[in-house]
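Below is one structure, written out as structure tokens; comments come after it.
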Amino acid sequence: MNYPQHLLYTSDHEWISFEQDHALIGITDFAQKELGDIVYVDIPSLDKIIAKEAIFGTVEAVKTVSDLFMPVNGKVIAINPLLETNPELVNQDPYSSWMIKVLVTSASDRESLLTAEQYQALIVSNPSSH
Amino acid sequence: MKNTSLAAIHQSLNAKMAPFAGYNMPIQYSGINDEHETVRNQVGIFDVSHMGEFFVKGPNALDLIQRVTTNDASTLYIGQVQYSCMTNTQGGIIDDLLVYRLDLEIYMLVVNASNIEKDWNWLVDNNYKHAELVDRSDELSLISVQGPYAVDTLQRLTSYQLNLIPYYHFRELMLNGIPDMIVSNTGYTGAGGFELYVPNHSAAALWKAIMAAGSAYRIQPIGLGARDTLRLEMGYCLYGNDIDDHATPLEAGLGWITKFNKEFNGKNVLQEQKSTGAKLKLVGIKMMERGIPRHGYRILNMDGEPIGAITSGTQSPTLKTGIALGYVAIDAAAPGTNVLVDIRGLPMGACVSKMPFVQSQIK
């Protein structure tokens with residue numbers, strides 16, 4: 001499975017990419033494989049400020065539904081419009097298929113996130129934690 | 001945790017494995033939607049070796065089967081299969097099963113893996129006239145080949161004319177060099193096809209031969225995930241979800257396999273329920289709004305009052321909409337009744353639907 005070096009990760013299987021003035025958030029390759037065919041990405045949190053580790057939405061696959069957790073404190077400023085009509089993009093390319101664009105409100109949040117190596121180690125040690 | 005005799009093959013195919021009824025089973029290979037479409041349009045091969053097989057023999061075999069099951073097994077001729085229910089004395093469903101008449105006084109009962117022990121004990125407890133009972137669940141593998149090209153695939157492995165076997169019939173024939181294999185025109189998909197009961201030691205070679213024979217038709221291995229979406233599109237019950245010891249065949253829409261012209265466990269209770277009318281009924285639910293109905297979600301009437309619960313649900317890969325089975329109060333059970341499904345706090349519009357949700361492909 002694929003875990004790009006330039007991203008940071010959570011133990012709940014989200015990835016976050018820090019861009020210049022915002023961050024993009026999605027779910028990892030491991031998460032999409034565990035979920036299987038994704039049918040809906042539901043994000044009712046546009047324009048809301050959401051605390052780190054709080055739920056910002058849900059992702060529904062044929063067989064299961066899973067909550068999505070904020071990797072950082074932030075305000076949701078955009079939702080990926082492609083996923084409304086083509087949620088299967090998350091299966092096909094989980095790292096291009098960002099789910100939300102966020103203004104990060106607390107810079108210190110980065111420190112508790114996992115590097116690609118740390119995340120990969122977590123999955124290997126506890127593969128069914130999702 | 002038990003493995004089937006095809007475990008090494010699943011591993012080599014990179015299947016996602018998960019525990020199911022005490023067995024380590026393949027849940028999916030390429031993905032549920034892809035596998036589902038393969039079965040509807042091409043042909044798929046399933047390992048369903050977790051199913052249990054009991055053999056009932058002797059002059060009192062039929063008497064035992066009649067006592068423990070709701071359908072009338074006395075109408076079966078040799079080579080015929082019957083869908084039936086095993087009921088307790090309260091009319092609750094111990095299991096749903098297939099009854100095969102193999103010979104004059106030999107029957108095979110095919111039961112759910114999760115119920116093998118319970119069913120066996122129940123048979124033994126009811127075996128007053130000492131029919132011979134043999135549990136061959138651990139000796140037999142079950143390979144299911146389903147889809148529009150199932151017959152063409154299997155025909156390459158036998159000289160027996162397979163299209164002479166009607167639906168819910170079987171033959172014992174030579175296939176892939178294995179003599180006297182039970183080849184049954186049954187399935188759990190609505191796509192048509194055969195189920196093959198094969199000794200464990202011949203199962204892996206048979207799987208590979210079927211894969212080779214089906215390659216021209218783009219055969220794919222299919223996991224239990226797609227088996228579930230396929231059966232839900234047909235409205236078939238899954239024991240443990242849609243039916244259990246507390247549901248009766250009449251509530252579950254299985255009145256058609258409940259025959260009151262014979263004696264069986266729970267008959268009096270069911271006859272009473274038939275005359276007074278069941279208060280609940282298992283119905284199909286089709287979402288009219290976005291969302292996937294899942295096991296345990298509440299079903300509400302249009303005033304928002306609870307009238308039942310979903311027992312199994314999924315996104316239908318064929319219809320691209322949420323479908324489910326669930327019990328509702330009898331006054332809401334008519335097809336076309338508008339209801340709401342409480343999807344994690346959001347009431348979403350749905351409607352009681354006739355089943356199957358998707359037209360059966362069985363000829």
Side-chain angles (χ1 to χ4, degrees), chain A residues 1-2 12-13 27-46 48 50 54-70 79-95 97 99 123-130, chain B residues 1 14-20 24-40 222-233 238 241 287 289-297 310 312-324 341-346 348:
Chain A
M1 269 179 265
N2 173 20
D12 297 313
H13 311 288
I27 63 170
T28 66
D29 195 21
F30 174 84
Q32 70 79 15
K33 279 210 174 78
E34 283 295 298
L35 287 164
D37 293 320
I38 291 169
V39 181
Y40 296 117
V41 179
D42 276 323
I43 299 171
S45 53
L46 185 62
K48 287 183 186 154
I50 306 203
I55 293 166
F56 69 85
T58 55
V59 57
E60 286 218 49
V62 173
K63 277 289 117 207
T64 184
V65 56
S66 183
D67 287 327
L68 299 163
F69 299 96
M70 280 291 268
I79 292 167
N80 188 344
L82 293 177
L83 303 185
E84 173 73 24
T85 45
N86 297 87
E88 69 280 2
L89 290 172
V90 178
N91 291 119
Q92 291 160 10
D93 191 353
Y95 300 114
S97 305
M99 292 177 169
I123 287 167
V124 172
S125 67
N126 190 13
S128 60
S129 64
H130 193 75
Chain B
M1 185 77 60
N14 254 323
K16 183 193 279 186
M17 306 294 290
F20 182 83
N24 187 33
M25 296 299 290
I27 301 304
Q28 69 171 57
Y29 301 85
S30 63
I32 290 176
N33 284 335
D34 185 54
E35 292 167 35
H36 184 105
E37 282 169 28
T38 294
V39 174
R40 287 271 177 262
I222 313 296
L224 294 187
R227 184 170 156 89
D228 194 52
T229 56
L230 288 159
R231 69 95 189 169
L232 262 169
E233 286 188 344
L238 173 63
N241 276 40
M287 295 306 297
E289 292 188 276
R290 184 184 164 99
I292 304 176
R294 299 188 191 276
H295 179 80
Y297 288 7
I310 301 292
S312 42
T314 187
Q315 175 83 351
S316 160
T318 304
L319 302 175
K320 315 282 184 213
T321 183
I323 57 169
V341 178
D342 179 350
I343 296 187
R344 299 185 299 284
L346 293 176
M348 303 300 272

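Numbers restart at 1 for each chain; the letters A, B, ... are given by sequence-line order, proteins then strands. Bear in mind the structure is a predicted one, so any value in this text is a computation, not a measurement.
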> Side chain, backbone, both or neither: which part of B:R344 has a non-hydrogen atom closer than 4.5 Å to chain A?
Replying inline: side chain
Tell me, out of [options], who's got the most heavy-atom pairs with chain A below 4.5 Å.
{"options": "B:I292, B:I32, B:T229", "value": "B:I292"}
{"options": "B:G291, B:S316, B:G313", "value": "B:G291"}
{"options": "B:I27, B:D34, B:T314", "value": "B:T314"}
{"options": "B:Q28, B:R294, B:H36, B:Q315", "value": "B:R294"}

> What's the shortest heavy-atom distance between B:Y29 and B:I222, and which atoms?
Replying inline: CE1-C, 3.4 Å
>> Quick check: closest heavy atoms across B:P19 and B:M1, and the distance to 0.1 Å?
In response: CB-CE, 3.3 Å
>> Less than 4.5 Å to any heavy atom of chain B: does that hold for the side chain of A:V62, its backbone, both, or neither?
In response: both
> chain B heavy atoms under 4.5 Å from A:T58: which part of the residue, side chain, backbone, both or neither?
Replying inline: side chain
> Can a salt bridge be assigned to the pair B:R290 and A:E84 using a cut-off of 4.0 Å between side-chain N and carboxylate O?
Replying inline: yes
> With the threshold set at 4.0 Å, does a side-chain nitrogen-carboxylate oxygen contact exist between A:K63 and A:D37?
Replying inline: no
>> Set out, in order, the CA-CA distance, both residues' side-chain angles and the distance that settles salt bridge (charged side-chain N to carboxylate O under 4.0 Å, His left out) for B:R40 and B:E233, then state yes or no.
In response: CA-CA 11 Å; B:R40 287 271 177 262; B:E233 286 188 344; 3.0 Å; yes
>> Within the 4.5 Å heavy-atom criterion, are A:Q32 and A:T28 side-chain neighbours or not?
In response: no
